[in-house]
**Student:** 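Could you have a look at this structure, given as structure tokens, before my questions?
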Amino acid sequence: MTTALHPDRDTARSAETARQPYAYRRRPLEEPDWRRFPGWRDVTREEWESAQWQRANCVKNLRQLRRVMGDLLDESFYADLERDQAERATMSMLLPPQMLNTMDCSSTGAFHADPVRRYMLPVFSDRRTDWPSHPHASRDSLHEAEMWAVEGLTHRYPTKVLAEILPTCPQYCGHCTRMDLVGNSTPSVDKHKFTIKPPDRLGAMLDYLRRTPGVRDVVVSGGDVANMPWARLESFVGSLLDIDNIRDIRLASKALMGLPQHWLQDDVRAGMERLAAKARERGVQIAIHTHVNAAQSVTPLVARAARAMLDTGIRDVRNQGVLLRGVNDTPEALLDLSFALLDEAEIVPYYLYMCDMIPYSEHWRLAVWEAQELQHAIMGYLPGFATPRIVCDVPYVGKRWVHQLAGYDRERGISYWTKNYRTALEMSDPDALDRRYEYHDPIYTLPERGREWWREQLEAA
């Protein structure tokens, strides 16, 4: 006789045959050898681990990419990239060596298929030709600028604000949700510019927060805070800590992954220690939010940077990835990413955002039903506190878990969402909490009748 607690040998064999959908294996991190790139054959470890060297040797154009890659890529790839830069790219090229080094350059085909390459160095053939942009795509797809309390300070949620303190990053992601403001202009996008000088903008943000006691939570972003001179960033965060109602501060920096060398600098570590100590005195929580989309991006240097920040006394380092087709759109990719972050770098997998409806992003975006299936597939493997929640950032609403929709027309790819608070735009709107707000699936994911309906809408327009 056997029980569930004491299976016999045959039962054990049956269990072995019925394997789990995902098999956990701890995978030690690896820093790929940058010397495999012809342009970096003579780069020393000391140079590689220097933030100054990394910034000075960022790849910003085709000429520089050719110099680094040597004969590793076929000419067809450069032609594909050049066409995208001229016709489709919403972000200019900016790749730190650290990020380029995590891509598979063993052949042109491998490089083209690489998940990190897909979103950091998009080429024209990546983009869809049937629906390159959704009809409802917009430059500021989340309408953040409409909700500026002062220039660069978005007050969308009742108790939280987003402070865009600068418009640049150490690296530019192709799918950037703030593509209308961040980075250099491209042939297809003439970027908007802040009109107020930086000291005056930051001062206006602080003044607003001092006179708005209902705000307790500030996301300090941009751009990327790693691009602000440390003394200026520390001064701004220190001033936030002096405001009595501020209880949570989150510093947003993809550079923790893309340029970990920055966060390992002595002055940055010492400055974070000062801020963490001041926060502890006041009972305020400081966390760093980074942006990692693929497990291969988590290297020993990234882990060192995350642990160095935790050692300063801040509360957490958390990851806010973006769900992207061809990058992390399988349960295996998401679980590999989450375990790499959690087990090897002590970074908490926190959110996975659906890609926003910006121009030329349709090839990256997933439908809501696909995101729901992925959320279901990753449940039960990770600790509850480290199971990333997949969210849809709904225009005029904000973050909603993908299972929170109020209605869903699968044929036309229109999901409907409600909210439980008013933004500053709707304080006098009696219907704001009853209205249903729309989000749109990529049209190519719809059945033929749905695609035909969208074609008819465009013709009618």
**Student:** Determine whether more than 12 heavy atoms belonging to other residues, nucleotides or ligands lie under 6.0 Å from atom CG of D190.
**Tutor:** no
**Student:** Within the structure provided, determine whether T387 and M379 are in side-chain contact (heavy-atom separation under 4.5 Å).
**Tutor:** yes
**Student:** Who passes side chain to side chain donor-acceptor pair (under 3.5 Å) against K60, sequence neighbours left out?
**Tutor:** none
**Student:** With distance as the sole criterion, is a donor-acceptor pair present between the side chains of W369 and T445 under 3.5 Å?
**Tutor:** no
**Student:** Taking the basic N atoms (NZ, or NE/NH1/NH2) and the acidic carboxylate oxygens, is any pair closer than 4.0 Å for D429 and R422?
**Tutor:** no
**Student:** Under the side chain to side chain contact (heavy atoms under 4.5 Å, CB included) test against C173, which residue among M179, K254, M99 passes?
**Tutor:** K254
**Student:** So, does T212 use its side chain to make a donor-acceptor pair with the main chain of V215 at under 3.5 Å?
**Tutor:** no
**Student:** Would you verify whether the NZ or CZ of R400 falls within 45 degrees of the ring axis of W417 while also being under 6.0 Å from that six-membered ring's centre?
**Tutor:** no
**Student:** If you look at every heavy atom in P388 and A386, which pair is closest and at what distance?
**Tutor:** CD-O, 3.4 Å
**Student:** Heavy atoms, side chains only, cut-off 4.5 Å: are L334 and L374 in contact?
**Tutor:** yes
**Student:** Check the surroundings of atom NE2 in H143: do more than 12 heavy atoms from other residues, nucleotides or ligands lie under 6.0 Å from it?
**Tutor:** yes
**Student:** Looking at T154 and E144, would you say the former's side chain and the latter's main chain have a donor-acceptor pair under 3.5 Å?
**Tutor:** yes
**Student:** Is there side-chain contact between L264 and L301, with at least one heavy-atom pair below 4.5 Å?
**Tutor:** yes
**Student:** Taking all non-hydrogen atoms of both residues into account, name the closest pair between L209 and N245 and its distance.
**Tutor:** O-ND2, 3.6 Å
**Student:** Quick one: do R156 and D393 make a salt bridge, cutoff under 4.0 Å?
**Tutor:** yes
**Student:** Does some side-chain heavy atom of T418 sit less than 4.5 Å from a side-chain heavy atom of Y437?
**Tutor:** no
**Student:** Rounded to the nearest 0.5 Å, what's the gap from CD on Q261 to CD on Q54? Could you check?
**Tutor:** 4.0 Å
**Student:** With sequence neighbours excluded, give me every side chain to side chain donor-acceptor pair (under 3.5 Å) pair touching residues 227-238.
**Tutor:** R55-N227, T168-N227, W230-E234, E234-R274
**Student:** Measure the CD-CG distance between Q85 and N61 for me, rounded to the nearest 0.5 Å.
**Tutor:** 9.0 Å
**Student:** Rounded at 0.5 Å granularity, tell me how far CG in D311 sits from CE in M309.
**Tutor:** 8.5 Å
**Student:** Return the minimal non-hydrogen interatomic distance between L275 and L241, and the atom names on each side.
**Tutor:** O-CD1, 3.8 Å
**Student:** Test salt bridge (charged side-chain N to carboxylate O under 4.0 Å, His left out) on D180 and K191 and set out the steps.
**Tutor:** CA-CA 5 Å; D180 65 319; K191 302 296 176 93; over 6 Å; no
**Student:** About how many Å separate CG of L206 and CG of D242, when rounded to the nearest 0.5 Å?
**Tutor:** 9.5 Å
**Student:** By side-chain contact (heavy atoms from CB on, under 4.5 Å), which residues pair with R211, not counting sequence neighbours?
**Tutor:** D207, Y208
**Student:** What heavy-atom pair brings Y172 and P167 nearest, and what distance separates the two atoms?
**Tutor:** OH-O, 4.4 Å
**Student:** Could you tell me whether R389 sits above the aromatic face of Y351, with NZ or CZ closer than 6.0 angstrom to the six-membered ring centre and within 45 degrees of the axis?
**Tutor:** no
**Student:** Mark yes or no for whether Q285, through its side chain, and I314, through its backbone, hold a donor-acceptor pair below 3.5 Å.
**Tutor:** no
**Student:** Rounded to the nearest 0.5 Å, how far does CE of M69 lie from CD of Q64?
**Tutor:** 14.0 Å
**Student:** Considering non-hydrogen atoms only, spot the tightest contact between L352 and V322 and give its length.
**Tutor:** CD2-N, 4.3 Å
**Student:** Atom CD of residue position Q52 - does it have more than 12 heavy atoms of other residues, nucleotides or ligands inside 6.0 Å?
**Tutor:** no
**Student:** Once rounded to the nearest 0.5 Å, what's the spacing between atom CZ of R35 and atom CH2 of W48?
**Tutor:** 11.0 Å
**Student:** Test salt bridge (charged side-chain N to carboxylate O under 4.0 Å, His left out) on E362 and R365 and set out the steps.
**Tutor:** CA-CA 5 Å; E362 290 304 274; R365 295 204 307 120; 2.8 Å; yes
**Student:** If you define the side chain from C-beta out and look only at heavy atoms, does anything of I288 sit under 4.5 Å from M272?
**Tutor:** yes
**Student:** Please name all residues satisfying side chain to side chain donor-acceptor pair (under 3.5 Å) with Y408, sequence neighbours left out, ordered by chain then number.
**Tutor:** D441
**Student:** Is the side chain of N319 donor-acceptor paired with the backbone N or O of V292 at a distance under 3.5 Å, no angle test?
**Tutor:** yes
**Student:** Testing R325, R117, R88 for side chain to side chain contact (heavy atoms under 4.5 Å, CB included) with D126, which one passes?
**Tutor:** R117
**Student:** Is E49 salt-bridged to R45, cutoff N-O under 4.0 Å?
**Tutor:** yes
**Student:** Not counting sequence neighbours, which residues clear side-chain contact (heavy atoms from CB on, under 4.5 Å) with Q265? List them please.
**Tutor:** A51, H262, D267, V268
**Student:** Look at the side chain of D356 and the backbone N and O of S141, then say whether any donor-acceptor pair between them is shorter than 3.5 Å.
**Tutor:** no
**Student:** So do L335 and Y24 actually touch side chain to side chain, heavy atoms under 4.5 Å?
**Tutor:** no
**Student:** State plainly whether the residues D336 and R27 are in salt-bridge range, i.e. N to O under 4.0 Å.
**Tutor:** yes
**Student:** Run the side chain to side chain donor-acceptor pair (under 3.5 Å) test against R25 and tell me which residues pass, sequence neighbours left out.
**Tutor:** none
**Student:** Just wondering, do S297 and V116 contact through their side chains at under 4.5 Å, heavy atoms?
**Tutor:** yes
**Student:** Counting heavy atoms not belonging to D266, are there more than 12 under 6.0 Å from its CG?
**Tutor:** no
**Student:** May I ask you to decide whether E31 forms a salt bridge with R304, counting only side-chain N to carboxylate O separations under 4.0 Å?
**Tutor:** no
**Student:** Please check if the side chain of E438 supplies one atom and the backbone of Y416 the other of a donor-acceptor pair under 3.5 Å.
**Tutor:** no
**Student:** Step through it carefully: locate the ring centre of W34, locate the ring centre of W40, and say whether they are under 6.0 Å apart.
**Tutor:** no
**Student:** Are R307 and E346 within salt-bridge range, i.e. N to O under 4.0 Å?
**Tutor:** yes
**Student:** So, do Y381 and Y22 have ring centers that fall under 6.0 Å from each other?
**Tutor:** yes
**Student:** Taking all atoms of both residues into account, what is the closest heavy-atom pair of N420 and L433, and its distance?
**Tutor:** C-CD2, 3.8 Å
**Student:** Checking R26 against F339: charged group under 6.0 Å from the ring centre and within 45 degrees of the axis?
**Tutor:** no
**Student:** Do the side chain of E344 and the main chain of L341 share a donor and acceptor less than 3.5 angstrom apart?
**Tutor:** no
**Student:** Check whether the ring centres of H291 and H175 lie less than 6.0 Å apart, and answer yes or no.
**Tutor:** yes
**Student:** Do any N or O atoms from the side chain of S415 and from the backbone of L405 form a donor-acceptor pair under 3.5 angstrom?
**Tutor:** no
**Student:** Verify, without hydrogens or angle tests, whether K160 (side chain) and V218 (backbone) share a donor-acceptor contact under 3.5 angstrom.
**Tutor:** no
**Student:** Taking everything shown except K193 itself, do over 12 heavy atoms lie less than 6.0 Å from its NZ?
**Tutor:** yes
**Student:** More than 12 foreign heavy atoms under 6.0 Å from CZ of R435: is that the case here?
**Tutor:** yes
**Student:** Using modelled atom types only, decide if a donor and an acceptor are shared between the side chain of E151 and the backbone of I196 within a distance under 3.5 Å.
**Tutor:** yes
